[in-house]
Every structure is written in structure tokens, then in C-alpha cells.
Amino acid sequence: MNYYDRAMALRTELVENRRYLHANAEVGLDMPKARAYIMKKLKEYGIDPMPCGKAGITATIGHGGKVLLLRADMDALPMREESGLDFACPTGDKAHACGHDFHAAMLLTAAKLLKEDEGHLKGTVKLMFQPGEETFQGAQDMINGGILENPVPDAALAFHIGSGQIPPEAPEFLFMYNDTGVMMASMDEFSITVQGKGGHGGFPHMAVDPINIGVHIHLALQELIARESDPGNACVLTIGQFSSGSAPNVIPERAFLQGTIRCNHPEAREKLVRRMKQVAEQVAGVFGGTAQVDMPKRVPTLTCDKEIIQAMVSYIKELPLSGLTGVSGISASGSEDFALIAEQIPSAYIFLQAGFPDERGDYPQHHPKVQFNENVLPFGAACMAHCARRWLEG
């Protein structure tokens, strides 16, 4: 079967699936609409889906032999959408601004293609529709739910689309990968609760101001990157939330900071996490307060298995498409909880370009106005299906 031609024949359905998920965006591990819709579609395709974890879905196609896990995340972001699209999510607080609606739609169509071609599969394809990637909860939740068991996958493959401005002469089918090192950074989410002593704004000497402490902690943490991190390593420390107080003339009891650390090297990660805790606690002590550091979510670096990624790249290059171009050596400071899968089984992770050469490409992912090119949908579905079939033949 020519999977790309078949995916093109199914393009209308593919787009409909993507737009339903987009308009009905859900976040985290609370995804009843997406789960119901995807399970309904899989049943229509003759596939028997099963719940996995709190909101995930799994199913198998084929029988016996090697097992390849195909994974697609399906959650949105807790933010408004300003894309102007007719099918924009109407809730005002949820938006598919990272492209996970594309991933889920592509895997749905890939599942249909593989089911139609099931008699030619030399093994088993295991589907993984994952919630909660943006919250770094979904992969672990599905691992806890048994996604890596019964049957046990021998390898895993995931794709992610990218938005943005592309030159008019850019190849129509562009994919990007890394077969030599870290593809995506580790992620350590932290929260710092600063405890001070509340008081009247006119008598600051009788209080311990947690806002003042929080400001000094914020500034001190920046020096960990500027003066303690090896410039040869990619290290990022971001404070994304700083909140305290409720009145202009009251010194509050507590302040709260929340942020993330991202690194591409294990030793750099260990040092930055350790020093972040020390700095927060000791700066608070200098000003008469205390700081409690919690780290609720942690994800390792995403490193592709060299043999698996090289095999998948070779399979993609087999697709009969003019302008098909692969770019190696891609690395990003973003993070991805597929790393928890790749930590346990040999895995490959590949980016697909879904940008525009015009004003629709002006905005990056996670921006309220971001748009993605639906022309990538058949290509992505064909890549998933073709890579699965070819890898099982090896």
C-alpha cells in the first residue's frame, strides 16, 4: 500500500478529526471528549481501543512478532485562542497552540491505514493516545496504567509538528531529527514558598517582607545561569509565576514563585537543581524568612536511540514524495515527557514542519494566534504508518 496516497484520499476525514479536537480542546488529564471521540473513531476503523490511565487510550493492530509503540499526545494548553479560525476553541481558556490536535488526528489515520493493511504487518503496532503532555503528567500516568506492558513494546516512535515562518522556497516535506545526542532538554518544575511575617505597610521594621525576599531570590537565581553554568551546556532557568499579597498597605505572610529548569546535560542539571535549592533557602535566611522548595514534576532529557532513529529516517526517505528533505542535528531547549518512554525503551522522535511562508507563520507555538498548516496531516499519518510497517519487517 502507498500510505501517502491513501492518506491523501482520507484527507477530508483527517482534517475533520483534527478540527473536532481543536474546537473541543481539553487540558491535562481531564479529556472526556477527546477520549470518547478517539475511541469511537477507532471502533469505526475496526480497532478495539482500551482506556489506559486516567485519560489515555491504547489499542493494538497486527499479531505477534516485534511490537512498535506509536505515540501521539492530544492535550491542549490552558490559554485563550486568538487564531481567528472558524473552528477555534470557544471556551476562552483552552487552546491547541502546540499542535497536539494534529498528532492525535495523524495517529488516528495511521491506525486506519495500518488496520486496512493488517494482513501485511509482520508484527504488532501498539497505539498510545496520551493526555497531559503539557503538564508532564500523561506519559507517567499511562506508564502506571500499563502502556509498556502486555504486549511489551520493543521500540517507540513519536512525531511533533512545528509552526512558524518558512521561506517560500522551503521543501514541502521537511522533517528534522537528532541521531547523535540530546534532542530535547530535561525539565524540572519547582515551586518556592517564601515564609515571612505579615504586618502593616507603614511599619516594615515590624514585619519580614516575603515579596522583598522573593525579588532577591529571583535575581540571585539568574546568576546561576550567568556565572555558574558552563556556557558549553544549554541551561535555562525561568520564573513563570510570582505572586503575593492582596492589599497595597499590607505586608503579606507569604510569597510564591514557580518556574522550570531545563538542561541538556545530566551533570549540569544536577548542579543547577542543587544550587537553586541552596540559593532560595539561604537568600530567604539572610532576610529573616524561610523558603520551602518543592519539585512536583521532573522529566529527563530526550535522547533518541541511534539505531532506531536512523532506521525511521531511512523509512521516511522511502516515501515517493518530491521535495522530501531531512535535517539532522536538531536540538531544542523545550521538554517532552515522551522522554520517560525513551528512558525505558529504544525510541525515535521526529519533528515535521507545519509552518507557512506568509503572515500565518508569524507566531510561534504556545502563542494565542499560532496557526498550523494542515497540508502536513497526510504526510504525518503516512510517516507513522510506513515507519511502523517497515520497522516490523526488519
Side-chain angles (χ1 to χ4, degrees), residues 27-28 77-80 93 132 134-137 140 184-301 332-337 366-368:
V27 300
L77 285 153
M79 58 183 284
R80 68 189 184 282
D93 60 359
E134 296 291 357
T135 59
F136 300 102
Q137 297 172 290
Q140 188 61 59
M184 298 189 78
S186 60
M187 192 289 302
D188 296 281
E189 180 181 308
F190 63 86
S191 63
I192 303 171
T193 303
V194 179
Q195 181 68 48
K197 178 182 178 183
H200 194 292
F203 304 93
H205 60 291
M206 299 178 67
V208 175
D209 188 350
I211 297 177
N212 178 57
I213 295 173
V215 168
H216 281 83
I217 289 174
H218 184 287
L219 292 173
L221 291 180
Q222 307 313 306
E223 301 308 314
L224 298 181
I225 302 298
R227 286 294 175 265
E228 293 194 20
S229 296
D230 185 337
N233 295 323
C235 297
V236 180
L237 189 155
T238 298
I239 301 291
Q241 182 181 6
F242 189 160
S243 59
S244 184
S246 59
N249 62 341
V250 176
I251 295 173
E253 291 274 346
R254 284 177 292 276
F256 181 77
L257 296 84
Q258 190 170 14
T260 60
I261 291 171
R262 300 175 195 265
C263 300
N264 70 348
H265 192 278
E267 291 181 5
R269 178 192 187 193
E270 187 278 330
K271 177 183 177 181
L272 194 51
V273 168
R274 173 172 49 81
R275 290 289 289 135
M276 180 273 298
K277 293 178 179 179
Q278 290 175 347
V279 166
E281 292 168 356
Q282 291 174 14
V283 168
V286 166
F287 291 97
T290 61
Q292 161 122 10
V293 179
D294 295 301
M295 305 197 72
K297 300 170 189 174
R298 309 191 72 187
V299 171
T301 56
S333 56
S335 305
E336 162 66 81
D337 73 352
H366 290 217
H367 191 284

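Just the heavy atoms: all of them, side chains too, but no hydrogens, waters or symmetry mates, feed the values below. Residues: numbered from 1 along the sequence shown.
- V27 has its side chain out of reach of L77: every pair of non-hydrogen atoms, C-beta onward, lies at least 4.5 Å apart.
- In summary, R275 and E228 engage in a salt bridge, as defined by a charged side-chain N under 4.0 Å from a carboxylate O.
- Contact detail for A220 and V283: the closest heavy-atom pair is CB-CG2, 4.2 Å.
- Closest heavy-atom contact between P210 and S244: CG-OG, 4.4 Å.
- Annotation: Q241, atom CD; neighbour count of heavy atoms from other residues, nucleotides and ligands within 6.0 Å is above 12.
- Between the side chain of K297 and the main chain of T135, a donor-acceptor pair closer than 3.5 Å is present.
- Counting only heavy atoms from C-beta outward, the side chains of C263 and L272 approach each other to under 4.5 Å.
- Under 3.5 Å, the side chains of S333 and R262 contain no donor-acceptor pair of N or O atoms.
- For the pair N233 (side chain) and C235 (backbone), a donor-acceptor distance under 3.5 Å is absent.
- Residues I192 and A280 share a closest heavy-atom pair of CD1-CB, 3.9 Å.
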Full working for side chain to side chain contact (heavy atoms under 4.5 Å, CB included) between Q292 and R254: CA-CA 11 Å; Q292 161 122 10; R254 284 177 292 276; over 6 Å; no

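- The backbone N or O of S186 sits less than 3.5 Å from a side-chain atom of S335, completing a donor-acceptor pair.
- In this structure, the side chain of Q222 engages the main chain of H218 through a donor-acceptor pair within 3.5 Å.
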Start with the C-alpha gap between I225 and V236, add the side-chain angles, then the distance that decides, and say whether side chain to side chain contact (heavy atoms under 4.5 Å, CB included) holds. CA-CA 7 Å; I225 302 298; V236 180; 5.8 Å; no

When you look at F287 and N212, which way does the side chain to side chain contact (heavy atoms under 4.5 Å, CB included) test go after all the steps? CA-CA 8 Å; F287 291 97; N212 178 57; 3.7 Å; yes

Begin from the C-alpha positions of D93 and R80 and carry the test salt bridge (Lys or Arg N to Asp or Glu O under 4.0 Å) through to its verdict. CA-CA 5 Å; D93 60 359; R80 68 189 184 282; over 6 Å; no

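- The two residues F136 and E336 make their nearest non-hydrogen contact at CE2-N, 4.1 Å.
- Using modelled atom types, one side-chain atom of N264 and one backbone atom of A234 make a donor-acceptor pair closer than 3.5 Å.
- Atom CZ of R227 sits in a sparse spot, with 12 or fewer heavy atoms from other residues, nucleotides or ligands closer than 6.0 Å.
- Atom CD in Q195 sits 5.5 Å away from atom CD in E253 (nearest 0.5 Å).
- Not a single donor-acceptor pair under 3.5 Å links the side chain of T193 to the backbone N or O of F256.
- At a threshold of 4.5 Å between non-hydrogen side-chain atoms, the residues M295 and V273 count as touching.
- Taking the side chain as every heavy atom from C-beta outward, M79 and P368 approach each other to under 4.5 Å.
- Looking at D230, its side chain does come within 3.5 Å of a backbone N or O of G232 through a donor-acceptor pair.
- The line from CG of D294 to CD of E189 is 10.5 Å long, rounded to the nearest 0.5 Å.
- Atom CG of D337 and atom CE of M184 lie 10.5 Å apart (nearest 0.5 Å).
- Expressed to the nearest 0.5 Å, how far NE2 of H216 lies from CD1 of I211 amounts to 13.5 Å.
- No side-chain heavy atom of I251 sits under 4.5 Å from any side-chain heavy atom of F203.
- Residues L219 and I217 form no side-chain contact, since every pair of their non-hydrogen atoms from C-beta on lies 4.5 Å or further apart.
- Residues V293 and M276 meet the side-chain proximity criterion, which asks for heavy atoms closer than 4.5 Å.
- Under 4.0 Å is where a charged nitrogen must lie from a carboxylate oxygen, and between K277 and E281 no such pair does.
- In this structure, the side chains of I239 and F190 come closer than 4.5 Å at one or more pairs of heavy atoms.
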